[in-house]
Undergrad: 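There's a structure below that I have some questions on.
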Amino acid sequence: MRYTKYFIPTYKEDPSEAEVISHKLMLRAGMIRKITTGIYTYLPLGLRCIRKVENIVRDEMNRAGAIELLMPAFQPAELWKESGRWDYYGKELLRFKDRYGRDACLGPTHEEVITAIVRNEIHSYKQLPVNFYQIQTKFRDEIRPRFGIMRCREFIMKDAYSFDADEEGANKSYEIMKETYHRIFKRCGFRFSMVEADTGTIGGSYSHEFMVLADTGEDQIVVCEKCGYAANLEKAEVSEIAEFQDEPELPMQEVDTPDIKSIEEVSSFLNVSPKKLVKTLICLVDEKPVAALVRGDHELNEIKLRNLFGAEQIRLADEEIVQEITGAPVGFAGPVGLKIKIVADHSIKGMKNFVTGANKKDKHLINVNIGRDFQVDTFADIRFITPQDRCPRCGNDILFKRGIEVGHIFKLGTKYSKAMNATFTDKDGKEKPFVMGCYGIGIGRCVAAAIEQSHDENGIIFPISIAPFEVIVLPVQMNDADVVKEAEKIYHKLLEAGIDVIIDDRDERAGVKFNDADLIGIPIRVTVGKKALKEQKLELKLRSEKEKELIPLSSVPEIVINKVKELYDSLK
RNA sequence: CGGGACGUAGCUCAGUCUGGUAGAGCACCGCCUUCGGGAGGCGGGGGUCGCAGGUUCAAAUCCUGUCGUCCCGACCA
């Protein structure tokens, strides 16, 4: 490719619309441009990176035996009503009516469509297992799109769906995808971690996320370096440690706490540690009120609570409902005398003489005790893990890290096949629902994550596997015929060798070219300058390293080709 | 949906408080010089100041509304 025949509109300054580094750099490098909130054009350079990631993904999916197809983005509402997600998915599903007034949506994911296809086309266990995948544009009307293409409303995703005859087969398919994902992300040059995750709106029995480790990541993950346990913060289990406090139960007492509501306020007003407080949160679990109890210094994990009840929706009750249930304004709720179901975190079990709200305005209770003053219906793990907690598997220290979710795999089981009546005939002649799995990779997000993970003050440092070009040939003096001639020669030799090379043939000053080459992150730079040329030499520089190397003109293109190979090998 | 910030040239921003001829740098076009880390000179083009009302002799500037953008949160995954 010739720079002058291509289109790479770079910016010198950070655009005001961007906050995080990958977003800034993608705009500056001329990779993407915003059309409206969460909607982007991939400019030629950005598209090249997208295609490189796609090709890695395609290559590895094919190797794993998955079969590529392409489903429509346009999806009729009927399918979503069959699966039950038309009502459940919420506003994130981009809905519309066609000219006849029929409900439809733009697909945020394709469980419904693939299940509809498979139930019509696959009828025998002999055709199983099978794994279909596609690389396609998805639509999710995110409530708050941000960070450029990291979280946007229209994005390219690889999604795959496996169908098996039984649990065992489904587990095998899941394991194959796990392995495949490790290979893919390795080839993308990521430092990443696979973590246990919640299944969210996709549903199913269990799932893992693949997180690229980066400080700016949206997700918090918890890892144990000793045993390898790793989980999304919201999923991370808390081990049931019962710290029984050995003290006599004191008489419960009501105290005045005028306008003292928050944990901090109560704690300092009564001069007790937040660990002596119990928070009572009134939640609506599928619209039924439940009181959730956690220690003052802990946070309720609503997802755990939702999963405990197997509920679809959960939310904190608003002021009116709290008033109705507790008889007091928000801030004074307590378990004593409550008529609704009470769920308490394990950490409450051993507490004695703690503080709670009194269900009266401006009153709290001190020296409250379980069993004597109120009953707990269920003890469960319903809080977020904290850095003070131990690894739920091995009991060692845990670390908190941040990550960018680039892949997510789900064991779906028969959730969709049952709901949509997708069955096959098994060996024994019986009709059975397919056991499914689904597997996603955010293609664009991979590009953003790569930048987030690897950049410096001059710009992007792409791993060679997803860089827009592998090599840039940079003639320094465009007014020197020899320099231009040699640069052209090298460019053509590399092209012939099958290298993805660009020559910066612009009549620009050297500084401009160097800065652009650094900004867009081309891994290998071959600089042709008249000084070195006099000695029959060229300069070779890796974007990832500071040092330059002079190489003999006669050794090109071999040295460069070897360098390319070397960089690829480092990603295996 | 709540809180905050912002909207002036392609980009980054000044000017708004205190109303009075719409600016700078970069980018773009032409000429000259320069040529290994975002060059310099001279000349030039480009903006209904987000939009709509209002106040005023006069509005980028003050008031009201509205749209859009970004950040934080809620929500969602």
Side-chain angles (χ1 to χ4, degrees), chain A residues 9-20 23-24 27-28 30 33-39 85 88-94 108-109 138 140-148 150-153 155 157 195 197-204 207 209 211 216-220 232-235 302-303 306-307 312-316 318-319 403-408 410 438 440 442 445 457-459 474-480 483-484 487 504 506-520 525-534 537-539 541 543 546 548 550:
Chain A
T10 57
Y11 292 152
K12 250 193 246 186
E13 287 166 294
D14 283 339
S16 58
E17 73 185 59
E19 197 71 18
V20 300
H23 188 194
K24 282 182 186 171
L27 287 164
R28 283 191 55 199
R33 290 292 183 261
K34 185 177 68 180
I35 295 301
T36 183
T37 308
I39 304 287
R85 287 206 291 185
Y88 179 49
Y89 214 98
K91 282 191 178 168
E92 206 175 309
L93 183 62
L94 199 54
T109 174
K138 297 278 186 281
R140 292 185 189 174
D141 202 359
E142 293 278 350
I143 197 155
R144 183 144 101 85
R146 56 186 149 171
F147 307 150
M150 196 91 85
R151 179 171 293 278
C152 51
R153 299 193 291 170
F155 58 99
M157 178 170 163
V195 306
D198 186 68
T199 54
T201 48
I202 305 287
S207 88
E209 287 170 339
M211 295 285 192
T216 48
E218 282 192 283
D219 294 88
Q220 272 216 290
N232 192 307
L233 178 65
E234 68 196 17
K235 175 74 178 178
E302 292 180 29
I303 289 167
R306 186 189 69 196
N307 291 342
E312 294 207 332
Q313 300 273 340
I314 187 158
R315 62 189 169 97
L316 282 176
D318 49 41
E319 266 174 63
I404 299 162
E405 179 191 344
V406 289
H408 201 160
F410 300 81
C438 80
R445 196 180 271 185
E457 65 282 0
N458 297 320
L474 195 155
V476 174
Q477 299 90 3
M478 291 304 286
N479 55 356
D480 184 314
V483 167
V484 173
D504 192 344
R506 291 178 299 171
D507 189 13
E508 286 284 356
R509 296 166 66 85
V512 173
K513 294 188 181 187
F514 287 137
N515 281 315
D516 276 337
D518 285 349
L519 176 62
I520 65 180
R525 188 179 84 196
V526 178
T527 312
V528 185
K530 67 179 161 190
K531 239 202 219 153
L533 207 54
K534 269 190 197 141
K537 291 207 167 142
L538 298 172
E539 182 189 293
K541 185 181 174 299
R543 178 66 181 87
K546 284 245 162 6
K548 304 162 189 167
L550 281 177

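Residue numbering restarts at 1 for every chain, and letters A, B, ... go by the order of the sequence lines.
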Undergrad: Expressed as a whole number of angstroms, how long is the span from A/R506:CZ to B/rA39:P?
TA: 12 Å
Undergrad: Between protein and nucleotides 70-72 of chain B, what N or O pairs are separated by less than 3.5 Å?
TA:
{"unit_1": "B/rC70", "atom_1": "OP1", "unit_2": "A/K34", "atom_2": "NZ", "d": "3.3"}
{"unit_1": "B/rC72", "atom_1": "OP2", "unit_2": "A/R144", "atom_2": "NH1", "d": "3.0"}
{"unit_1": "B/rC72", "atom_1": "OP2", "unit_2": "A/R144", "atom_2": "NH2", "d": "2.5"}

Undergrad: If we take the C1' atom in both B/rG65 and B/rU55, what is their distance in whole Å?
TA: 15 Å
Undergrad: By the 4.0 Å heavy-atom rule, please label A/R28 as base, sugar-phosphate, or nothing.
TA: base
Undergrad: At 4.0 Å (heavy atoms only), tell me whether A/R525 reaches a base, stays on the sugar-phosphate, or touches nothing.
TA: base
Undergrad: What closest approach, in Å, do A/D198 and A/S207 show between heavy atoms, and which atom pair accounts for it?
TA: O-OG, 3.5 Å
Undergrad: Sort and list the pairs that fulfil side chain to side chain donor-acceptor pair (under 3.5 Å) and have at least one residue in residues 11-20 of chain A, not counting sequence neighbours.
TA: A/Y11-A/R33
Undergrad: Taking any heavy-atom pair under 4.0 Å as a contact, classify A/D518: base, sugar-phosphate, or nothing.
TA: base
Undergrad: Using whole Å, what does the distance between atom P of nucleotide B/rG36 and atom CG of A/L538 come to?
TA: 16 Å
Undergrad: For A/A510 and A/V476, which heavy atoms make the closest approach, and how far apart are they?
TA: CB-CG1, 3.7 Å
Undergrad: For the side chain of A/R543 and the backbone of A/D518, is there at least one donor-acceptor N/O pair under 3.5 Å apart?
TA: yes
Undergrad: Please give the distance between the P atoms of B/rA39 and B/rA27 as a whole number of Å.
TA: 8 Å
Undergrad: Which base sits across from B/rA52 as a Watson-Crick or G-U pair, both distances under 3.5 Å?
TA: B/rU64
Undergrad: Taking the P atom in each of B/rA22 and B/rC13, what is the distance between them to the nearest angstrom?
TA: 24 Å
Undergrad: Does B/rC31 have a Watson-Crick or wobble mate here (both distances under 3.5 Å), and if so which one?
TA: B/rG41
Undergrad: Can you figure out which of B/rC75, B/rG36, B/rU34 approaches the side chain of A/R509 most closely?
TA: B/rU34
Undergrad: In whole angstrom, what separates A/Y89's OH from B/rC75's P?
TA: 18 Å
Undergrad: Starting at CG of A/D14 and ending at C1' of B/rG10, how long is that distance when rounded to a whole Å?
TA: 17 Å
Undergrad: Under 4.0 angstrom, heavy atoms only, what part of the nucleic acid is A/D480 near: base, sugar-phosphate, or nothing?
TA: nothing
Undergrad: Would a 4.5 Å heavy-atom cut-off, applied to side chains only, mark A/R445 and A/R151 as touching?
TA: yes
Undergrad: Name the pairing partner of B/rA5, where a pair is Watson-Crick or G-U wobble with both distances under 3.5 Å, or state none.
TA: B/rU69
Undergrad: Once you round it to whole Å, what is the distance between C1' of B/rC13 and OH of A/Y11?
TA: 15 Å
Undergrad: A/D219 and A/L233: side-chain contact (heavy atoms from CB on, under 4.5 Å), yes or no, with the steps?
TA: CA-CA 8 Å; A/D219 294 88; A/L233 178 65; over 6 Å; no
Undergrad: Does B/rU16 have a Watson-Crick or wobble mate here (both distances under 3.5 Å), and if so which one?
TA: none
Undergrad: Go through A/V195 and A/K235 one step at a time and tell me if the side-chain contact (heavy atoms from CB on, under 4.5 Å) criterion holds.
TA: CA-CA 9 Å; A/V195 306; A/K235 175 74 178 178; over 6 Å; no
Undergrad: Do A/K513 and A/P475 touch side chain to side chain, with heavy atoms closer than 4.5 Å?
TA: yes
Undergrad: Checking A/T109 against A/R85 for the side-chain contact (heavy atoms from CB on, under 4.5 Å) test, could you report, in this order, the C-alpha distance in whole Å, the side-chain angles of both residues, the deciding distance, and whether it holds?
TA: CA-CA 11 Å; A/T109 174; A/R85 287 206 291 185; 3.6 Å; yes
Undergrad: When rounded to the nearest Å, what value does the distance between P atoms of B/rG44 and B/rC6 take?
TA: 36 Å
Undergrad: Using Watson-Crick or G-U wobble geometry with both distances below 3.5 Å, tell me the partner of B/rG36, or none.
TA: none
Undergrad: Mind checking A/G90 for me? I need base, sugar-phosphate or nothing, with any heavy atom below 4.0 Å counting as a touch.
TA: nothing
Undergrad: Could you measure between the two P atoms, the one in B/rC26 and the one in B/rC42, and give it in whole Å?
TA: 12 Å
Undergrad: Is there a Watson-Crick or G-U wobble partner for B/rG10 with both distances under 3.5 Å, and which nucleotide is it?
TA: B/rC26
Undergrad: Taking atom C1' in both B/rG46 and B/rG4, what distance in whole Å separates the two?
TA: 34 Å
Undergrad: Between B/rG15 and B/rG47, how far is it from one C1' atom to the other, in whole Å?
TA: 14 Å
Undergrad: Is A/E209 touching bases, backbone alone, or none of the nucleic acid, heavy atoms closer than 4.0 Å?
TA: base
Undergrad: In whole angstrom, give me the gap between the C1' atoms of B/rG45 and B/rC51.
TA: 27 Å
Undergrad: In whole Å, I'd like the distance from the CG atom of A/D516 to the C1' atom of B/rG38.
TA: 8 Å
Undergrad: When we call it a touch if two heavy atoms are under 4.0 Å apart, what does A/P9 touch: a base, just sugar-phosphate, or nothing?
TA: nothing
Undergrad: Using a strict cut-off of less than 4.0 Å between a Lys/Arg side-chain nitrogen and an Asp/Glu carboxylate oxygen, indicate whether A/E218 and A/R146 qualify as a salt bridge.
TA: yes
Undergrad: What does B/rC75 pair with, Watson-Crick or G-U, if both distances are under 3.5 Å?
TA: none
Undergrad: Quick test of your reading of the model: are A/E539 and A/R525 salt-bridged, counting only N-O distances below 4.0 Å?
TA: yes
Undergrad: Round to a whole Å and report the spacing from CZ of A/R151 to P of B/rC75.
TA: 14 Å
Undergrad: Find the distance A/K24:NZ to B/rC11:C1' and express it as a whole number of Å.
TA: 15 Å
Undergrad: Is there a side-chain contact (heavy atoms from CB on, under 4.5 Å) between A/H23 and A/M150? Walk through the geometry before answering.
TA: CA-CA 8 Å; A/H23 188 194; A/M150 196 91 85; over 6 Å; no
Undergrad: Would you give a per-nucleotide map of nucleotides 25-33 of chain B, 5' to 3', where B means the base has a protein non-hydrogen atom under 4.0 Å away, S means only the sugar-phosphate does, and - means neither?
TA: BS-------
